[in-house]
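In what follows, a single structure is set out as structure tokens and then discussed.
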Amino acid sequence: MTHGRVNPAHTLDQQGISGLGSVYYNLLEPALMQAAVERGEGRIGKGGTFLVSTGQFTGRSPNDKFVVRTPEVEDHIWWDNNAPMAPDAFDRLYADMLEHMKGGDYYVQDLFGGADEEHRLDVRVVSELAWHNLFIRHLLRRPDAEELSSFVPEFTIINCPSFKADPARHGCASETVIALNFEKKLILIGNTEYAGENKKSVFTLLNYILPGKGVMAMHCSANHAIGDPDDSAVFFGLSGTGKTTLSADPSRTLIGDDEHGWSDNGIFNFEGGCYAKTINLREEAEPEIYATTQKFSTVIENMVYDEDTLELDFDDDSLTANMRCAYPIEMISNASSTGKGGAPKNIVMLTCDAFGVLPPIARLTPAQAMYHFLSGFTAKVAGTERGVTEPTPTFSTCFGAPFMPRRPEVYGDLLRQKIAEHGATCWLVNTGWTGGAFGTGSRMPIHATRSLLTAALDGSLNEGEFRKDPNFGFDVPIHCRDVADLLLDPRRTWDNPESYDRQAQRLVDMFADNFAQYVDHIDDDVKAAAI
Ligand code: ATP
Ligand code: MN
């Protein structure tokens, strides 16, 4: 039985996916929520949200992600970073998954990845869980009724959490699997309910396809000046560095919070929704994001709430610290209706430095920007173990190594060309610790980061005085409106400047050790910017 709206020439049966129970095509939010509730997947929360917990997996499973090693992609994939799966193993996986799915009910959404018509990807997402279908409908771009009636899926994602893979038979690492097959234009996901896998698998696809067409693919958020889409900015950064938080700026128009492309037409959002962290979320600091946690159809994942009042507990991380909410971008009042902007005037690289060494903002030369882009540094706070206060550094190239199928230089070269062509100003912003490392200092106040960004993006910061940072060689502003001078100089925020110097030297050494792997692949000016 099929229900809903679909291009009659492109049903699942026509794709060779048959024998299913009921198939529900392109249901709208209320119907998906109703189905999810009836199936016992979660419950309705305050304001009509959908509350769900994902069980064992509350984050991505990077070690279970595979790229099928087919001849056409073989020479283009960065195999040191992407685990290969043999084509015949994938074929067995697909056959076994289809067999497992027989008789079950499935939910299908036909969606666009990419706001730029010229570069968008038409993806079909087949979900076992009705709420996964709601999630991906929020996150990707929704075709209108007419576009839907002629929709032809180019890539298909099947996400079946009840399917357990067999490493011996399917060439994977565990019962959990995320397998991308560029030749068959299929992605298979099994044995994880974490919703983020859906969106990040589309991201990985676009990160492969777009650079092949000269389009830069970026793990970044983006916004533009109100009324001026050509005055746009992008914010690169690894998880937890502030892409979502800082792009939702009341004084700018939000383009997107996580994934963008940069073509000759400018920048464009891959998505049509946001996936925000909700841990310690406060209405005062992040009013727009907070408001979405009580709006109809927002998916609230892995949050603890009061059983009677359904009041969310933003501080209880007993399910996971990676608790999130997913909502369509229109829920943010100052979001762009087109998802597009001009070539960025400013490029911001966000890092959450838990060592407390990097200044809250620094201006980068294009070569320094390339150095920091390839390094992809952030530092997480220590785990929850008591007494462990040492931050853990992460170097993840292009600020998103797990989603980059091609070699880092491919993205680096594209970014560098585009920066040179458009003359963007580049900045490094530390949203992490000040006044000492994690354990001693404190997290950078969000209002200070916002003031620094406001001054960077409106051009005023660039006009002021700068000093050269002795450790990293970049320019650091001395004054900024609405920010104390002291905050701009991390060494002075530490009780003991000598311990700052020692910590800084250790961080410099970590950068240098990590960067050694790129030295053979880069140009002399970037080598010269290396520290
Ligand atoms: P992901 O890629 O996982 O979505 P992200 O880069 O979007 O990560 P955010 O969701 O914006 O990261 O997370 C930043 C977190 O840090 C938020 O919980 C925010 O409240 C907190 N935070 C604290 N201080 C700052 C600051 N100065 N700037 C930005 N975020 C801050
Ligand atoms: Mn985010």
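Starting from 1, each residue takes its place in the sequence as its number. This structure is a prediction, so every number in the text was calculated from the model and none was measured.
Salt bridge status for Lys65 with Glu197: absent, with no side-chain N to carboxylate O gap under 4.0 Å. Arg282 has a carboxylate O that lies under 4.0 Å from a charged side-chain N of Asp315, or vice versa, which qualifies the two as a salt bridge.
Proximity of the aromatic rings of Tyr275 and Phe135 is defined here by a centroid distance below 6.0 angstrom, and this criterion is met.
Two residues are said to be in side-chain contact when any heavy atoms from C-beta on lie closer than 4.5 Å; Leu210 and Met216 fail this criterion. Two residues are said to be in side-chain contact when any heavy atoms from C-beta on lie closer than 4.5 Å; Ile267 and Met218 meet this criterion. Side-chain contact check for Ile522 versus Lys527: some heavy-atom pair is nearer than 4.5 Å.
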Kindly indicate, with the supporting measurements, whether the criterion ring pair (Phe, Tyr, Trp, His ring centres under 6.0 Å) is fulfilled by Tyr290 and Phe314.
-> CA-CA 10 Å; Tyr290 183 87; Phe314 292 89; 5.4 Å; yes
Before giving the answer on salt bridge (charged side-chain N to carboxylate O under 4.0 Å, His left out), spell out for Arg141 and Glu271 the whole-Å C-alpha distance, their side-chain angles and the decisive distance to 0.1 Å.
-> CA-CA 6 Å; Arg141 303 187 67 82; Glu271 301 183 289; over 6 Å; no
Step by step, work out the ring pair (Phe, Tyr, Trp, His ring centres under 6.0 Å) result for Trp262 and His422.
-> CA-CA 12 Å; Trp262 184 354; His422 298 277; 5.7 Å; yes
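More than 12 heavy atoms of other shown residues, nucleotides or ligands fall within 6.0 angstrom of atom CG in Asn334.
Asp230 and His224 share no side-chain donor-acceptor pair at under 3.5 Å. A donor-acceptor pair shorter than 3.5 Å cannot be found between the side chains of Thr351 and Asp353.
Among residues at least two apart or in separate chains, ring pair (Phe, Tyr, Trp, His ring centres under 6.0 Å) pairs with a member in residues 233-258 are Phe236-Phe373. Judged as a ring pair (Phe, Tyr, Trp, His ring centres under 6.0 Å), the pairs with a partner in residues 483-514 (not counting sequence neighbours) are, in order, His372-Phe511, Phe377-Phe511, Phe395-Phe511, Phe472-Phe511, Trp494-Tyr500.
Listed for the Asp249 side chain is no donor-acceptor partner under 3.5 Å among the backbone atoms of Leu246.
The aromatic rings of Trp433 and Phe438 lie perpendicular to each other, with more than 60° between the two planes, well past the 30° mark.
The side chain to side chain contact (heavy atoms under 4.5 Å, CB included) check on Glu311 picks up Lys46, Asp306, Thr309, with sequence neighbours excluded.
One finds the CZ atom of Arg363 at 13.5 Å from the CG atom of Asp469 (value rounded to the nearest 0.5 Å).
Remark: Arg406 fails to qualify as a cation-pi partner of Tyr411 under the 6.0 Å distance and 45° angle criteria applied to the six-membered ring.
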